[in-house]
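Only one structure is covered here, and it is reproduced in the block below.
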There are 2 protein chains.
Amino acid sequence: MGNRVRLVDVARAAGVSQGTASNAFGKPHLVRDELREKILAVAAEMGYRGPHVMARMLRTGKAGALGVVFPDNLEYAFSDPVAIELLRGVGRECARQSVNMMIISAENHEQAVAAVNNAAVDAFLVHCYSDNNDVIAAIRRRNLPMVGIDTDIAGATATVVLDDFEGAASAARHLLECGARKFAILSLQADEDGQFGLMDARRRGAVSHRVVRERLAGYHAVLKDAGIDVADIVHVECENLSEHVRGQVTDLMAQFPDIDGILAMSDVIAIGALEALAKTGHDVPGQVRVMGIDGVARGARTTPPLSTVAQNSVEKGRIAAELALAGDNVSEPVLLKTRLLVRASSRLPDIS
Amino acid sequence: MGNRVRLVDVARAAGVSQGTASNAFGKPHLVRDELREKILAVAAEMGYRGPHVMARMLRTGKAGALGVVFPDNLEYAFSDPVAIELLRGVGRECARQSVNMMIISAENHEQAVAAVNNAAVDAFLVHCYSDNNDVIAAIRRRNLPMVGIDTDIAGATATVVLDDFEGAASAARHLLECGARKFAILSLQADEDGQFGLMDARRRGAVSHRVVRERLAGYHAVLKDAGIDVADIVHVECENLSEHVRGQVTDLMAQFPDIDGILAMSDVIAIGALEALAKTGHDVPGQVRVMGIDGVARGARTTPPLSTVAQNSVEKGRIAAELALAGDNVSEPVLLKTRLLVRASSRLPDIS
DNA sequence: TAGCATCATTGAATCGATTCATTTCGATTC
DNA sequence: GAATCGAAATGAATCGATTCAATGATGCTA
């Protein structure tokens, strides 16, 4: 039954102190070779399974794991290509540092709080959560290093974000160069309230997600400079799922047939837009130009291939993990650069 | 510095026993409402952060986490669409049961053993590992529930596998019906030795991965029945990455130009084959018919769309997680069914 | 009013290691 | 031969909770 062999049993059987037995496993160099081998032999014979993980954790205070927290349900994280890239980067750094990766999973907010409280980890990575949220509060209460990714939650020991303003600006600049004049912006969700559809000025003024705020600002700055009135831009808040976007874009084009430039805040959204436009018989890029943000692999295979502003999500995840595991306070956010990736869904005017 | 507020401090300050203070947090119904609120108030005022996770674990013996172990490096797991689906299913069940998900990460075998030994989990999920392996041995030594997915490692408390034999058989049957007579089988890796290329009979006879063994057997059974000599089938062992497969298939078709049926053991491989065939000007399915196995989303968007034998990987992961967390010994492997999914990369003969 | 449940609380034992100040012992130096 | 040193081993304290048998208080019944 509950008769697990303990270190103290091994020590007794081998005729050494518990401290020495502990060292034989954890700090081999502190024990004479001969003696250590004897201890290990005795342990093996007794069926000792090695130091008890939880007991070691309690004593040392180290969990050997990095917690990764995604907003809302986890299913989304495992279906969004960008989130997966991010996880890949996190995984890479965790492997490098011999630390495991704990995915905090929950079906709802209440469960998420409990999951955070039960997670034996040394640091937290928080992706894309907005601030003032009970899950964030729970994480903060744990008093562990906490790194925000693509979010500027208060109390983070470090923050890794994309240069969203400049990324969005470059997308807008490019579509202007391609000749677009009547714009639609397909936004990611501005808040966690599950609201979709047309965004009025009030909604645009109270965006809780940093990513959305910055990208909007980037788009607007460039378009205003070009003499376009923000009030003339159609803003639609979309769920980050191609299938959902299809319907929204179909409606959008029916309502505003003169749109000739679509700025999507993610490639997933942009791909949904391309699909809708193909189905409704719009010519891309002849009639409408489309730009995404992210640079996901699938964008290279759409028809037409998707122009986008690429980011390196793997590296973003890796850096965030590195900062979290280092645990230092880094006051300045780490700002990652974007790269314009022109493919066929936008089109430069003929230079001939 | 190290002056964390402990439960005993709270108890003392609130004038109750440590046991009662513990109950106030963990078993609220055992403490009178009024008293409990007082304790919580005192705790809040003292800045108590809640029960110490590792101490609780040590005492209760429950980690509240499920370990997921992938073979080789983790990067692969996060780039294979099937593995991701699997993780999605695992995540779904973990969330349902309020358990976190620990991804055991490592760069090499030695690190993987250490990672397994340091993981505070209640059970392990092992994906696609072959047996007789030190990582598996380490997991076994932990003496926790261990569920094998797509693998039949000894000592597993439960096993979840695809009906690989029947899945492969149905793929072969379909290509025969479509008129193929000269077959190539594009195999997944038979072993962890990193060997690729043509598989001779000896190699085919010593396959350590169950998946490969079963699928080979399924293909062969059907093809033999149809009067095809196994010696006439070209076997190629491929890395499960479309880019690598492209080169292999290009060579293959140059060497064996009469191949008219390709049976790939995964969609990723099949997609690589389609790409190679397109580049070398082979007509699919007119000249060569191609079948995958898995049913990944991308297969619906290739040109031509990929015929395949679909499986439900999400559900596979979910069931495995459920079995692992239940912890019962299930002697019979859970066998999941496949479903033939005919698209344009194979072609049925005209019935006119 | 004794007897008996029921509910709330206590307090010491326990989970299984690691740590570190101290002791032991043999070798080296003066 | 005493003093000094370093390496190896000791053993008690510690990490911070949870558990459970025992105790106390309260209400109810006969």
Side-chain angles (χ1 to χ4, degrees), chain A residues 1-40 42-43 46-64 117-120 122 141-144, chain B residues 1-40 42-43 46-64 117-120 122 141-144:
Chain A
M1 296 297 135
N3 45 7
R4 180 187 229 278
V5 180
R6 300 180 332 279
L7 185 59
V8 62
D9 303 322
V10 173
R12 212 165 278 153
V16 299
S17 77
Q18 198 176 161
T20 302
S22 173
N23 285 335
F25 286 94
K27 309 201 166 160
H29 60 282
L30 289 182
V31 181
R32 204 157 30 89
D33 284 7
E34 191 195 356
L35 182 58
R36 189 186 61 231
E37 272 158 34
K38 179 183 166 191
I39 296 173
L40 296 185
V42 170
M46 297 177 74
Y48 181 59
R49 285 195 241 285
H52 191 279
V53 180
M54 298 160 186
R56 190 223 301 281
M57 277 188 186
L58 172 58
R59 183 62 241 233
T60 62
K62 288 252 140 279
N117 284 327
N118 287 331
D122 298 316
R141 206 173 314 125
R142 290 289 305 267
N143 207 34
L144 292 170
Chain B
M1 291 301 135
N3 45 6
R4 178 188 231 278
V5 180
R6 298 179 333 280
L7 185 59
V8 62
D9 303 322
V10 173
R12 213 164 278 153
V16 299
S17 79
Q18 199 175 162
T20 301
S22 174
N23 286 335
F25 287 94
K27 310 199 166 162
H29 58 283
L30 290 183
V31 181
R32 204 159 29 90
D33 285 5
E34 189 195 358
L35 183 56
R36 189 186 60 231
E37 271 156 34
K38 179 183 166 193
I39 296 174
L40 296 186
V42 170
M46 297 178 75
Y48 180 60
R49 283 195 240 288
H52 191 279
V53 180
M54 298 160 186
R56 190 224 301 280
M57 277 189 186
L58 172 59
R59 183 62 242 233
T60 61
K62 288 253 141 278
N117 284 327
N118 287 331
D122 297 316
R141 206 172 314 124
R142 290 290 305 268
N143 208 34
L144 292 170

Protein-proximity profile, nucleotides 22-27 of chain C, B/S/- by nucleotide at the 4.0 Å heavy-atom cutoff, equals ------
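Rounding to the nearest 0.5 Å gives a distance of 13.0 Å between CZ of B:Arg56 and CG of A:Leu58.
Between A:Ser17 and D:dG11 there is no side-chain polar atom (N or O) within less than 4.0 angstrom of OP1 or OP2. Contact annotation: B:Lys62 does not reach the phosphate of D:dT18 (side-chain N/O to OP1 or OP2, under 4.0 Å). The shortest distance between the side-chain N/O atoms of B:Ser22 and the OP1/OP2 oxygens of D:dT18 is below 4.0 Å. Regarding contacts with the backbone of C:dC15, every side-chain N or O of A:Arg6 stays at 4.0 angstrom or more from both OP1 and OP2. A close approach under 4.0 Å does not occur between any side-chain nitrogen or oxygen of B:Arg32 and OP1 or OP2 of C:dA8.
Distance CG (A:Leu7) to P (C:dG16): 11 Å, rounded to an integer number of Å. Regarding B:Met54, its CE atom lies at a distance of 14 Å from the C1' atom of C:dT18, rounded to whole Å. If you take CZ of B:Arg56 and C1' of D:dT18, they are 9 Å apart, rounded to a whole angstrom. Remark: P of C:dT18 and NZ of A:Lys27 are 9 Å apart, rounded to the nearest angstrom. Here C:dT9 presents its P atom at 13 Å from NE2 of B:His29, a figure rounded to the nearest Å. Here the P atom of nucleotide D:dT19 and the CZ atom of B:Phe25 are 15 Å apart, to the nearest Å.
The residue among B:Leu58 and B:Leu30 whose nearest nucleotide of DNA chain C lies closer to the 5′ end is B:Leu30.
Side-chain atoms of A:Arg59 and base atoms of D:dT14 include a donor and an acceptor less than 3.5 Å apart.
In the set D:dG16, C:dT9, D:dT10, C:dT9 carries the atom at the smallest distance from any side-chain atom of B:Leu35.
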